[in-house]
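Here is how names work: the chains are called A, B, and so on, in the same order as the sequence lines, proteins then strands, and each is numbered from 1.
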There are 2 protein chains.
Amino acid sequence: MTTGALAGQAASSTVERLLDAAAGAFADRGFHATTTRDIASRAGLSPAGVYVHFDSKEAVLYALSRRGHEAALDLVRGSATGPGTPTERVARVMSGFATWHAEHYEVARVVQYEFPHLQPEHRDEVLTLRKDIDEAVRELLEEGVASGEFEVTDVRETALALMSLCIDVARWYSPGVRRTPDRIGPTYASLGLRLLGARA
Amino acid sequence: MTTGALAGQAASSTVERLLDAAAGAFADRGFHATTTRDIASRAGLSPAGVYVHFDSKEAVLYALSRRGHEAALDLVRGSATGPGTPTERVARVMSGFATWHAEHYEVARVVQYEFPHLQPEHRDEVLTLRKDIDEAVRELLEEGVASGEFEVTDVRETALALMSLCIDVARWYSPGVRRTPDRIGPTYASLGLRLLGARA
DNA sequence: GTCTATACCTTGATAGAC
DNA sequence: GTCTATCAAGGTATAGAC
């Protein structure tokens with residue numbers, strides 16, 4: 001299911017199993033507390049088996065983080081530039097992005113919290129994806145301000161606030177918590193519209 | 001200055017220096033990536049020097065996390081139950097809490113992100129402080145709803161959203177970033193009032 | 001492509017002198 | 001209370017057989 005979160009590849013090649021295993025382990029205990037033995041055993045391999053497919057533990061993190069960011073960018077961009085009024089699109093962005101952080105909370109945690117542990121060059125690569133996400137949101141807000149649907153004093157601050165709401169879902173969500181992914185969508189769409197001074 | 005963030009003790013006893021050192025190291029690289037040697041050398045001690053004052057690396061994390069949570073609780077409770085209308089008090093809570101996450105972003109990161117790495121008993125202890133913070137905010141929102149100042153459909157969800165906005169500051173803030181702590185306060189007060197449908 | 005075995009290093013923590 | 005020296009455990013990564 002993590003696989004689905006990332007791209008929708010043919011499931012359970014060994015690489016896919018390793019990435020799923022790493023997502024679970026990194027989300028559970030963090031990058032540095034996770035051992036290559038953890039990853040290997042979760043994927044049903046011996047400790048050495050990891051190194052056939054990845055050069056290092058950090059290479060696993062990079063692959064996972066990159067895919068996660070790409071999935072997030074696709075999701076946000078798709079909703080932000082799709083059909084409908086800016087109001088409708090913001091609602092879709094907030095609903096989809098918040099829900100994604102819950103449904104795929106393992107990958108989402110890796111994306112949000114393990115980012116600082118990437119090697120500098122890998123961090124730079126991923127950073128451009130992050131900037132693309134922010135930009136997609138800012139552009140959508142500009143549209144809504146131009147059309148008169150949104151009442152926003154500072155687009156940059158407001159875009160960050162919208163993202164903060166969704167991103168923080170990855171911190172508090174886990175299966176078994178009171179809130180469910182399908183209720184999170186409408187809630188966060190509504191919160192977003194409030195921040196924009198828009199009528200639902 | 002981290003010291004000031006925590007309680008306002010007489011500065012630079014060895015324990016204080018160790019906690020400051022640990023805050024910097026944990027915030028920079030995370031609990032597990034930080035070595036006891038890192039902490040010791042930042043505090044100007046030999047590797048063994050740490051163990052005169054703390055039983056283990058986790059004990060350092062616990063002391064730091066506990067103090068940080070206590071400072072956060074004092075801040076929120078003080079603003080939430082102080083003088084003024086619910087609207088004024090929410091503005092003060094948001095301004096103060098968001099600013100705290102920037103000004104003391106090292107301790108704040110430890111509070112928000114290293115919490116899962118506490119031992120179970122220590123996690124439970126700290127969890128009660130977290131619940132107290134949430135409850136203080138929820139009670140304030142109930143007051144504002146009762147007085148007719150806030151227009152909120154779900155107090156629980158809205159309280160979480162307010163906290164999410166402030167907490168996420170610790171993720172993106174660092175010195176040198178565009179936004180400054182003194183501008184963050186008014187911005188987040190205003191965002192909070194919007195979420196509550198209140199007039200500034 | 002996977003395994004077993006292992007090299008090499010860093011880590012958390014302790015012992016014992018001062 | 002701080003140091004130097006050190007240990008035991010566990011970490012990443014590799015070698016070489018199958």
Side-chain angles (χ1 to χ4, degrees), chain A residues 3 9-65 110 113-114 116-123, chain B residues 3 9-66 110 113-123:
Chain A
T3 299
Q9 320 263 328
S12 29
S13 75
T14 306
V15 167
E16 300 304 318
R17 274 188 299 120
L18 277 168
L19 289 174
D20 277 2
F26 291 161
D28 255 31
R29 337 206 321 101
F31 174 70
H32 278 103
T34 297
T35 67
T36 53
R37 286 169 168 85
D38 287 340
I39 299 170
S41 79
R42 282 191 191 225
L45 289 179
S46 73
V50 176
Y51 293 90
V52 176
H53 305 280
F54 294 96
D55 288 340
S56 67
K57 190 173 79 161
E58 195 272 346
V60 181
L61 175 62
Y62 174 55
L64 194 53
S65 181
V110 174
Y113 300 138
E114 307 306 326
H117 301 125
L118 289 167
Q119 288 180 0
E121 319 89 68
H122 293 162
R123 208 157 48 215
Chain B
T3 299
Q9 320 263 328
S12 33
S13 76
T14 306
V15 167
E16 300 305 319
R17 272 189 299 121
L18 277 168
L19 289 174
D20 277 0
F26 291 161
D28 256 31
R29 338 206 320 103
F31 175 70
H32 277 104
T34 297
T35 68
T36 54
R37 287 167 172 81
D38 287 339
I39 298 170
S41 78
R42 282 190 192 227
L45 289 179
S46 72
V50 176
Y51 292 91
V52 176
H53 306 279
F54 294 95
D55 288 341
S56 66
K57 189 173 78 161
E58 194 274 344
V60 181
L61 175 62
Y62 174 54
L64 194 53
S65 181
R66 197 182 145 87
V110 173
Y113 301 137
E114 307 308 325
F115 172 75
H117 301 126
L118 289 167
Q119 287 180 1
E121 320 90 67
H122 293 161
R123 208 156 48 214

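Atom CG in B:Leu45 sits about 17 Å away from atom P in C:dT14, given to the nearest Å. For B:Ile39 and D:dT2, the CD1 to P distance is 15 Å, given to the nearest whole Å. A straight line from CG of A:Asp38 to P of D:dG10 spans 13 Å, rounded to a whole angstrom. Taking atom CG of residue A:Leu18 and atom P of nucleotide D:dA13, one finds them 14 Å apart after rounding to whole Å. Taking atom CZ of residue B:Arg37 and atom C1' of nucleotide D:dC3, one finds them 14 Å apart after rounding to whole Å. Atom P of nucleotide C:dT14 and atom CG of B:Asp55 are separated by 8 Å, given to the nearest angstrom. Atom pair B:Lys57:NZ and C:dA13:P shows a separation of 8 Å (rounding to whole Å applied). A straight line from CZ of B:Phe54 to C1' of D:dG1 spans 14 Å, rounded to a whole angstrom.
Taking the side chain of B:Tyr51 as heavy atoms from C-beta on, and the options C:dG12, D:dT14, D:dT2, the nearest nucleotide is C:dG12. Closest to the side chain of B:Thr36, from the set C:dA15, C:dA13, D:dA15, is C:dA13.
Counting non-hydrogen atoms of neighbouring residues, nucleotides and ligands closer than 6.0 angstrom, the CG atom of B:Asp55 reaches no more than 12 such neighbours.
Of the possible polar contacts, none joining the A:Glu114 side chain to the A:Leu61 backbone as a donor-acceptor pair under 3.5 Å is found.
Within the 4.0 Å cut-off from OP1 or OP2 of D:dT2, not a single side-chain nitrogen or oxygen of B:Ser46 is found. In this model, the phosphate group of D:dT2 is approached by a side-chain N or O of B:Thr14 to a distance below 4.0 Å at OP1 or OP2. Proximity of A:His53 to the phosphate of C:dT2: a side-chain N or O atom is located under 4.0 Å from OP1 or OP2.
Rounding to the nearest 0.5 Å places OH of B:Tyr62 at 13.0 Å from CZ of B:Arg123.
In this pair, B:Phe31 and B:His117 present their aromatic rings parallel. The plane angle is below 30°, not in the 30 to 60° band.
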